[in-house]
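These notes concern the structure reproduced below.
Note that the structure is a prediction, hence the values are computed from the model and not measured. Just so it is clear: chains get the letters A, B, ... in the order the sequence lines come, proteins before strands, and each one is counted from 1.
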Amino acid sequence: MAEHLSGWPTGQAKQLAVRLLLGCLTVLAVLTLTFVLQYAVPGDVARSIAGPRATPQLLAQIRDRLHLDAPLWDQYWRYLRGVLSGNLGESYVQKQPVRSLIAARLPATLLLGVTALVVEIALGGALGVWEALRGRRSTLLTCLNTGLLATPTFALGYLFLLVFAYQLAVLPITTGADAAHLVMPAVVLGLSGVPYYSSVVRDSMTATLASSHVRTAVAKGLPRWTVIRRHVLRCALSPVVTMAGMDIAVFLSGVVFVENVFGWPGIGQLQDQAFNNSDRPLLMGTVIVAAVLVVFGNLLADVIRVAVDPRARQEASA
Amino acid sequence: MKPRYLIATGLAAFAALALFALAAPLFGSPLHIDSDGLTTLGLPLGIASRGHPLGTDVLGRDMLARTAYGLRTTMEFTLVANIASVGTGTAVGLAAGFYRGRVEQLLMRLVDVFLSVPTVVSGLALASIVGRGVTGIVVIVTALYWAWTARLVHGEAVRLRNQPFVEAALVHGVRPRTVILRHVLPNIRTLLLNISALNGAAVVVVGSGLSYLGAGIAAPRPELGNLLQDGTQALSYDPQLLLIPMVFVIALVLSFVLVGEGINRTVPESERRSWLNI
């Protein structure tokens with residue numbers, strides 16, 4: 001990676017550094033917000049841990065252990081240091097470190113997210129390319145896109161459950177974590193992103209089809225599909241990468257519903273449980289992890305875009 | 001499809017839903033448990049039963065009344081939260097666009113922060129603090145969605161502040177506030193309508209979604225999301241309990257999406273043509 005960086009124009013590396021710094025600031029701001037939400041709200045933290053019938057001794061013990069009597073600034077500093085060294089606190093209910101609880105669930109959610117991304121790009125991309133090559137809007141695709149946009153993820157999930165698991169009985173109704181159980185959540189999560197991808201791909205393709213380098217390629221007599229493959233698709237790829245980076249935020253919202261509907265054991269389910277148990281450290285821990293994933297996902301998308309798209313490189317160094 | 005048909009269809013659907021929600025008291029109480037509300041086996045009544053056009057729920061309460069009141073709650077928080085979030089976002093976006101320098105930097109960094117927290121995740125975290133109910137939903141949705149409007153409005157404000165007519169007004173010594181009110185706002189009217197439509201769709205999805213998860217409108221008060229949650233209990237034997245609220249959620253979101261899509265398409269598409277088909 002370092003060799004790559006040194007090979008790039010300096011403007012590029014500088015811009016990347018600025019974005020990295022801004023990303024870190026964003027994470028810091030999210031940490032501050034979660035701290036404020038956790039500690040500075042009315043209500044006794046010790047009591048919310050120990051429950052309404054706790055003895056004064058127990059409350060005092062908890063306050064002492066969590067330094068709840070220290071000044072707010074001191075607590076904030078302690079909190080920041082803790083989070084930065086990887087300590088997200090301990091779950092009130094499960095009595096385990098939040099970090100290991102999240103780490104145990106992360107792979108399942110990543111698997112779900114990656115599969116959904118494949119579904120989304122394949123389906124959305126194909127539909128977008130088709131509509132762009134067609135040259136005018138397709139009523140069928142408009143209906144499909146509007147329908148998908150109007151169907152919340154949880155509603156789509158239950159429709160799938162009703163049709164494929166109950167009526168047709170081709171997919172499992174039980175909960176589990178194997179391939180057969182992955183199909184429905186991944187397809188539902190992917191489908192909810194299809195309208196965005198198909199319209200981004202269509203717009204980007206339409207713009208590329210009208211550009212002068214495509215005119216040249218057509219004029220020198222290249223076969224239709226060579227033009228599309230070599231001169232149009234590659235050009236139209238760049239916004240898709242940016243979009244995929246932004247998708248992390250969308251997916252992390254979507255998985256809460258999808259995992260709830262299909263019982264997929266990932267982070268979304270963990271969040272749902274944490275909310276129902278009023279388990280604040282776990283809830284805030286998932287918010288922090290989600291924000292970090294989003295910020296660095298966007299950064300990664302930028303790096304990839306610059307790597308695959310020479311225009312982005314010029315843009316940045318200009 | 002012509003844009004004006006899309007907008008008209010969306011508005012008509014919205015008006016029909018609003019009428020149904022307003023007429024909710026005509027259908028009786030959503031909480032009343034009817035003595036013959038269940039079959040002799042103790043199962044909910046199906047659609048088109050006598051006295052209960054949409055059947056009853058697992059406790060024997062009238063689904064028509066519950067759905068109408070549920071829709072009413074959903075529309076209530078949607079309207080308030082939509083106005084609050086689009087309003088906040090517009091104010092921030094315009095301020096950032098016209099008071100340049102530190103203010104702009106600070107506000108837009110704040111927008112970045114809010115854009116980088118996934119909505120439902122932080123919605124759950126916020127819900128554990130602000131509590132349940134319409135006010136809670138409005139606070140959560142406003143906190144989560146103002147930044148989207150702010151970013152779009154800021155982009156448009158930056159474009160407009162370099163336009164000759166805005167520069168001329170500023171050079172003549174017109175106060176920025178007056179310039180914004182008189183010259184900028186009328187120019188971003190279409191954008192704001194478009195944002196409100198799409199934002200409205202998002203508000204319905206997130207608000208009813210949080211209620212579905214148990215984080216929004218709480219149980220005795222019917223809301224489309226928590227009706228849907230109730231319906232999931234009867235998934236295997238009476239799926240209509242799930243499907244009825246689902247149809248209404250989708251219809252409500254659809255009315256917003258259609259208006260948004262219609263407005264989108266009134267913006268003239270570029271005259272560019274593909275070189276492939278010549």
>> If we define contacts as heavy-atom pairs under 4.5 Å, which of B/G214, B/S122, B/P245, B/A215 has the most with chain A?
In response: B/A215

> Considering only heavy atoms, which portion of B/L252 lies under 4.5 Å from any heavy atom of chain A: side chain, backbone, both, or neither?
Replying inline: neither

> A/L22 versus chain B, heavy atoms under 4.5 Å apart: side chain, backbone, both or neither?
Replying inline: side chain

>> Quick check: closest heavy atoms across B/G209 and A/F257, and the distance to 0.1 Å?
In response: O-CE2, 3.4 Å

> Is it the side chain or the backbone of B/A251 that comes within 4.5 Å of chain A heavy atoms, both, or neither?
Replying inline: neither

>> So for A/V250, is it side chain, backbone, both, or neither that comes closer than 4.5 Å to the heavy atoms of chain B?
In response: neither

>> Heavy-atom pairs under 4.5 Å with chain B: which of A/A29, A/A165, A/S253 has the most?
In response: A/S253

> chain B heavy atoms under 4.5 Å from A/L33: which part of the residue, side chain, backbone, both or neither?
Replying inline: side chain

>> Would you compute the distance between atom CD1 of B/I129 and atom CG of A/L283 and round it to the nearest 0.5 angstrom?
In response: 8.0 Å

> Are any non-hydrogen side-chain atoms of A/L162 and B/L242 less than 4.5 angstrom apart?
Replying inline: yes

> Which heavy-atom pair separates B/L124 from A/F275 by the least distance, and what is that distance?
Replying inline: O-CD1, 3.4 Å

> Can you tell if the side chain of B/P239 reaches within under 4.5 Å of the side chain of A/Y158, non-hydrogen atoms only?
Replying inline: no

> Can you say whether A/N276 sits under 4.5 Å from chain B via the side chain, the backbone, both, or neither, judging by heavy atoms?
Replying inline: side chain

> Would you say A/T151 and B/V249 make side-chain contact, with heavy atoms under 4.5 Å?
Replying inline: no

> In terms of heavy-atom proximity below 4.5 Å to chain A, should B/S255 be classed as side chain, backbone, both, or neither?
Replying inline: neither

> Looking only at heavy atoms, which of residues 104-121 of chain B get nearer than 4.5 Å to chain A?
Replying inline: B/R109, B/D112, B/V113, B/F114, B/S116, B/V117, B/P118, B/T119, B/V120, B/V121

> Quick one: what part of A/L161 sits under 4.5 Å from any heavy atom of chain B, side chain, backbone, both or neither?
Replying inline: side chain

